[in-house]
Structure formats: structure tokens, C-alpha cells
**Student:** 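Here it is: the structure, laid out below.
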Amino acid sequence: MSASQKVVIVTGASQGIGAEVVKAFRKLDYRIVATSRTIKPSDDPNILAVAGDIGDPATAQRVVGEAVERFGRVDTLVNNAGIYIGKPFTENTLGDFNAVMNVNMAGFYHITQLAIAEMEKHGSGHVATVTGSVDNGISGAHTALAALTKGGLNAVTRALAIEYAKQGIRINAVAPGITKTPMHNKEYYEMLGTLHPLGRMGEASEVASAIVFLDSAEFITGEILHVDGGQSAGR
Ligand SMILES: NC(=O)c1ccc[n+]([C@@H]2O[C@H](COP(=O)([O-])OP(=O)(O)OC[C@H]3O[C@@H](n4cnc5c(N)ncnc54)[C@H](OP(=O)(O)O)[C@@H]3O)[C@@H](O)[C@H]2O)c1
């Protein structure tokens with residue numbers, strides 16, 4: 001294990017976009033702390049799996065604590081864990097609201113606070129958050145809870161980018177369009193593809209590539225990089 005090897009924490013790492021992010025950073029020889037509720041231990045000594053609910057502050061403490069204890073530092077945090085509940089706004093229950101706020105908002109908040117505090121100790125770091133292409137509504141889709149939470153994450157990305165720029169810590173977001181992951185039933189892929197100007201859904205590996213790009217882009221902070229087949233540009 002080399003002291004110069006970088007360390008990345010990836011939330012929601014068990015499947016979908018998060019699993020692709022883990023693969024992409026391993027190709028670059030990063031050491032990884034991978035977390036989700038059902039994450040399984042890895043045979044790769046450079047991947048440490050820490051299981052837990054990301055909305056729970058105790059999970060955030062364990063994840064950042066184990067990153068420092070096992071690998072010595074935190075260079076990058078990828079806030080990827082997120083859920084989508086696609087019901088008409090008035091049919092969302094209090095349980096639906098609390099579940100989305102727990103993962104999408106509290107799941108960002110607690111671990112980002114701890115990771116930035118760790119990055120401040122060595123005067124550098126990068127936070128990349130997977131948000132969503134929520135600038136415009138989609139007729140016929142039920143996106144209120146996604147817009148409420150992911151829109152907030154896009155805004156806090158800019159706020160934190162400014163707050164921590166002088167400490168050498170960059171804060172960016174990747175805003176995917178509808179992406180092929182277990183979040184969506186395959187029978188809807190064709191229809192979901194038509195909701196993008198480029199006429200197809202995104203691949204999880206395309207979102208992961210954008211995150212890796214931002215991680216290496218030393219002069220980019222406060223950026224919301226849309227990986228959405230043109231959705232945010234118009235229809
Ligand atoms: N797919 C899309 O179309 C799309 C579009 C825009 C944005 N996004 C965003 O992209 C991110 C990844 O989504 P995805 O499509 O890859 O979804 P996914 O396949 O459903 O994966 C979600 C990940 O989040 C984890 N997770 C869910 N609840 C959790 C909790 N309470 N605590 C800890 N981990 C939790 C899951 O692991 P466990 O079940 O093991 O906990 C899983 O690893 C999300 O933030 C999502 O909002 C996705």
C-alpha cells in the first residue's frame with residue numbers, strides 16, 4: 001500500500017451508479033471505503049466495506065472514522081446514495097417524505113460534514129454529489145420529492161464550493177438524467193429513453209466517468225455537471 005494512494009469514500013456503493021464509481025476509482029488505484037446498508041465485504045484489500053443506513057449520523061462517523069483508521073486520510077467523498085419515490089405529490093405519505101429526506105438529505109449532510117472536517121486537516125479534498133437533472137419538470141412524471149431534495153443538493157454544492165474554496169476543498173455535483181440501474185424496471189427503458197433529447201437512457205458508467213473527471217479537474221468547483229442526454233438544455 002503506497003502512502004501516495006488516494007482514498008475515496010463512496011456511498012450507495014452496493015449497486016447501480018455507486019458500484020460503477022467504485023470500479024472507476026479502483027482503475028485509478030484509489031483505496032476505497034464503500035458503504036450502503038447491504039454492502040458485502042470485498043476480497044480486494046484496497047476496498048473496505050462499511051454497512052449502515054447513510055441517514056444515521058452514527059454510520060457517517062463509522063465510515064469516516066474507518067477511512068482514517070484503515071487508510072490514513074480522506075481525499076474524495078462521493079455522495080451517491082439516494083432513493084426515488086415516484087408517486088403523485090398528494091399521494092406521498094409522511095413515511096415516503098421521511099425516507100427520501102433521510103437518504104437524500106441527511107445522507108448527504110452528516111457524512112459531508114465529517115469528510116470536509118477531515119479534508120481541512122490536510123488542506124485539500126473533493127466532494128462530488130450525485131444529484132439529478134431537476135431544473136425542469138417532466139410532464140407526466142412525478143418528480144416533486146426528487147426536485148425538493150436534489151435541487152437542494154445542487155444549491156448546497158455551490159454554497160459549500162464558495163465556503164471551502166480558500167481551504168483548497170472543491171465541491172461539485174453530477175446531475176444524471178434517467179440512468180440504467182436497478183432503480184428502474186427494464187420494461188420501461190425504451191419509454192424512459194424518449195425523455196432525453198439524445199433519445200436514450202444514460203449508462204451508470206457514464207455518470208461514473210463524469211465523477212472521475214471532476215475529481216481530476218483541479219480548477220473546477222461549484223459545478224453541476226449534467227450527464228443527462230440534453231434534458232436540462234430543453235426538449
Ligand atoms: N438511476 C437514475 O435514473 C438516476 C437519475 C438521477 C439521479 N440518480 C441518483 O443516482 C444515485 C444512485 O442511484 P442508482 O440509480 O444507482 O440507484 P440504485 O441502483 O437504487 O442504488 C441506490 C444505492 O443507494 C443505497 N441506499 C439506498 N438507501 C440507503 C440507505 N438508507 N442507506 C445507505 N445506502 C442506501 C443502496 O444500497 P443498499 O440498498 O445496500 O442500502 C444502493 O447502493 C442516487 O442518488 C439517485 O438519486 C439516479
Side-chain angles (χ1 to χ4, degrees), residues 9-24 32-42 47 49-63 77-86 95-96 98-112 127-138 141-154 156-157 173-186 188-189 191-196 200-211 224-229 231-232:
I9 293 171
V10 182
T11 75
S14 61
Q15 64 176 38
I17 292 169
E20 288 299 322
V21 171
V22 169
K23 276 191 222 163
I32 295 171
V33 180
T35 182
S36 84
R37 291 165 305 176
T38 67
I39 194 92
K40 300 282 179 296
S42 169
I47 301 178
V50 178
D53 181 335
I54 197 62
D56 181 351
T59 301
Q61 271 171 358
R62 273 191 303 118
V63 171
L77 167 65
V78 179
N79 284 308
N80 165 74
I83 60 171
Y84 171 68
I85 297 178
D96 294 333
N98 287 337
V100 174
M101 294 304 282
N102 177 62
V103 187
N104 295 11
M105 297 302 253
F108 164 88
Y109 187 84
H110 302 302
I111 198 164
T112 301
V127 177
T129 300
V130 181
T131 63
S133 188
V134 294
D135 312 284
N136 306 295
I138 300 173
H142 305 299
T143 56
L145 286 178
L148 182 66
T149 54
K150 301 298 192 171
L153 293 176
N154 284 340
V156 79
T157 293
V174 171
I178 308 171
T179 308
K180 290 179 192 168
T181 71
M183 186 178 271
H184 305 289
N185 194 321
K186 283 188 177 159
Y188 299 121
Y189 276 12
M191 180 278 291
L192 292 171
T194 66
L195 300 176
H196 305 77
R200 64 170 177 88
M201 290 174 73
E203 301 289 341
S205 59
E206 292 173 316
V207 181
S209 296
I211 291 169
I224 316 295
L225 180 54
H226 291 83
V227 183
D228 66 356
Q231 246 181 9
S232 60

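Quantities reported herein were computed from a predicted structural model and do not represent experimental measurements. Numbering of residues begins at 1 and proceeds along the displayed sequence. Numbering of ligands and ligand atoms starts at 1, following listing order.
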**Student:** If you measure from atom 28 (N) of ligand 1 to every heavy atom of Glu20, Lys40, Arg37, which option wins on shortest distance?
**Tutor:** Arg37
**Student:** Examine distances only and state if a side-chain atom of Thr179 and a backbone atom of Ala204 form a donor-acceptor pair shorter than 3.5 Å.
**Tutor:** no
**Student:** Identify, for atom 32 (N) of ligand 1, the protein heavy atom at the shortest distance, and state residue, atom and that distance.
**Tutor:**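 The answer is Ile54 N, 2.9 Å.
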**Student:** Which residue holds the protein heavy atom closest to atom 16 (O) of ligand 1, what is that atom called, and what is the gap in Å?
**Tutor:**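 Result: Ile17 N, 2.8 Å.
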**Student:** Closer than 4.0 Å to some heavy atom of Gln15 - which atoms of ligand 1 meet that?
**Tutor:** 18 (P), 19 (O), 20 (O), 21 (O), 42 (C), 43 (O)
**Student:** Check for a donor-acceptor pair, side chain of Thr143 on one end and backbone N or O of Ala146 on the other, with a separation under 3.5 Å.
**Tutor:**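 No; judged by distance alone, with no hydrogens or angles, the pair does not exist.
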**Student:** Using a strict 4.0 Å cut-off to heavy atoms of Gly12, name the atoms of ligand 1 that fall inside it.
**Tutor:**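 Here the atoms of ligand 1 in question are 23 (C), 24 (O), 25 (C), 42 (C), 43 (O).
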**Student:** If you draw a 6.0 Å radius around OH in Tyr189, do more than 12 non-hydrogen atoms from other residues or ligands fall strictly inside?
**Tutor:**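 Counting neighbours around OH of Tyr189, more than 12 heavy atoms of other residues, nucleotides or ligands fall under 6.0 Å, so yes.
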**Student:** Examine the proximity of ligand 1 to Lys150 and report which part, side chain or backbone, both or neither, has a heavy atom under 4.0 Å away.
**Tutor:**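 It is the side chain that gets close, since no backbone atom is under 4.0 Å.
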**Student:** Quick one: look up the protein heavy atom nearest atom 1 (N) of ligand 1 and list residue, atom name and how far away it is.
**Tutor:** Thr179 O, 3.2 Å
**Student:** Ignoring hydrogens and geometry, is there a side-chain-to-backbone donor-acceptor pair from Asn80 to Val130 under 3.5 Å?
**Tutor:** no
**Student:** Got an N/O contact under 3.5 Å between Pro176 and ligand 1?
**Tutor:**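 No, there is no polar N/O contact under 3.5 Å.
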**Student:** Is any side-chain heavy atom of Asn98 closer than 4.5 Å to a side-chain heavy atom of Met101?
**Tutor:** no
**Student:** For atom 14 (P) of ligand 1, what is the closest protein heavy atom, and at what distance to 0.1 Å?
**Tutor:**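 That would be Thr181 OG1, 3.5 Å.
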**Student:** Test your reading of the model: is there a side-chain donor-acceptor pair from Arg200 to the backbone of Gly229, 3.5 Å cut-off?
**Tutor:** no
**Student:** Are the side chain of Lys186 and the backbone N or O of His184 linked by a donor-acceptor pair below 3.5 Å?
**Tutor:** no
**Student:** Judged by atom type as modelled, is there a donor-acceptor pair below 3.5 Å linking the side chain of Ser232 to the main-chain atoms of Ser133?
**Tutor:** no
**Student:** Are Val100 and Met105 close enough that some pair of their side-chain heavy atoms sits under 4.5 Å apart?
**Tutor:** no
**Student:** Which residue supplies the protein heavy atom nearest to atom 37 (O) of ligand 1, what is that atom called, and how far is it?
**Tutor:** Ser14 OG, 3.0 Å
**Student:** Has ligand 1 got any nitrogen or oxygen that is less than 3.5 angstrom from a nitrogen or oxygen of Gly55?
**Tutor:**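 Looking only at distances, the answer is no, because the N/O contact criterion of under 3.5 Å is not met.
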**Student:** Check this for me - ligand 1, Gly132, N or O atoms closer than 3.5 angstrom, yes or no?
**Tutor:**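 So ligand 1 has no N or O lying under 3.5 Å from an N or O of Gly132.
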**Student:** Hey, does Gly52 sit under 4.0 Å from ligand 1 if you only count heavy atoms?
**Tutor:** yes
**Student:** With respect to atom 22 (C) of ligand 1, which of Ala99, Gly18, Gly82 exhibits the smallest heavy-atom separation?
**Tutor:** Gly82
**Student:** What residue and atom, counting heavy atoms only, is the protein's closest point to atom 9 (C) of ligand 1, and at what distance?
**Tutor:**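 Minimum-distance protein heavy atom for atom 9 (C) of ligand 1 reads Val130 CG1, 3.7 Å.
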**Student:** Does at least one non-hydrogen atom of Lys180 fall below 4.0 angstrom from an atom of ligand 1?
**Tutor:** no
**Student:** Please check if the side chain of Asn104 supplies one atom and the backbone of Ile83 the other of a donor-acceptor pair under 3.5 Å.
**Tutor:**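 Yes, the answer is positive, given that a donor and an acceptor are paired below the 3.5 Å cut-off.
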**Student:** Check the pair Gln231 / Ile138 against side chain to side chain contact (heavy atoms under 4.5 Å, CB included), numbers first and verdict last.
**Tutor:** CA-CA 9 Å; Gln231 246 181 9; Ile138 300 173; 3.8 Å; yes
**Student:** Is there a side-chain contact between Ile178 and His196 in this structure, where contact means two heavy atoms from C-beta onward sitting under 4.5 Å apart?
**Tutor:**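 A side-chain contact under 4.5 Å exists here.
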**Student:** Under 4.0 Å from any heavy atom of Ala13, which atoms of ligand 1 are there?
**Tutor:**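 Result: 43 (O).
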**Student:** Measuring from atom 40 (O) of ligand 1, which candidate in Thr59, Thr149, Thr38, Val100 has the nearest non-hydrogen atom?
**Tutor:**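 Going through Thr59, Thr149, Thr38, Val100 one by one, Thr38 has the nearest heavy atom to atom 40 (O) of ligand 1.
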**Student:** Pull out every atom of ligand 1 sitting under 4.0 Å from any heavy atom of Gly16, numbered as shown with elements.
**Tutor:**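 It comes down to these atoms of ligand 1: 16 (O), 19 (O).
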**Student:** Taking OH in Tyr109 as the centre, count heavy atoms belonging to other residues, nucleotides or ligands within less than 6.0 Å. Is the count above 12?
**Tutor:** no
**Student:** May I ask which of Asn80, Leu192, Val174 has a heavy atom nearer to atom 45 (O) of ligand 1 than the others do?
**Tutor:**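 Looking at heavy atoms only, Asn80 sits closest to atom 45 (O) of ligand 1.
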**Student:** Considering only heavy atoms of Ile178, which atoms of ligand 1 have at least one such atom less than 4.0 Å away?
**Tutor:**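 By the 4.0 Å cutoff, the relevant atoms are 3 (O).
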**Student:** Is it true that a side-chain atom of Thr131 and a backbone atom of Leu153 form a donor plus acceptor pair closer than 3.5 Å?
**Tutor:** no
**Student:** Any side-chain to backbone donor/acceptor pair from Thr112 onto His110? Under 3.5 Å, distance only.
**Tutor:**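 Here the side-chain-to-backbone pair does not exist.
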**Student:** For ligand 1, is Gly177 a contact, meaning one of its heavy atoms is under 4.0 Å away?
**Tutor:** yes
**Student:** Does even one non-hydrogen atom of Thr131 get within less than 4.0 Å of ligand 1?
**Tutor:**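 Right, Thr131 reaches ligand 1.
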**Student:** What part of Asp53, side chain, backbone, both or neither, has a heavy atom within less than 4.0 angstrom of ligand 1?
**Tutor:** both
**Student:** For atom 3 (O) of ligand 1, which candidate among Gln231, His184, Met183 provides the closest heavy atom?
**Tutor:**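 The option holding the nearest heavy atom is His184.
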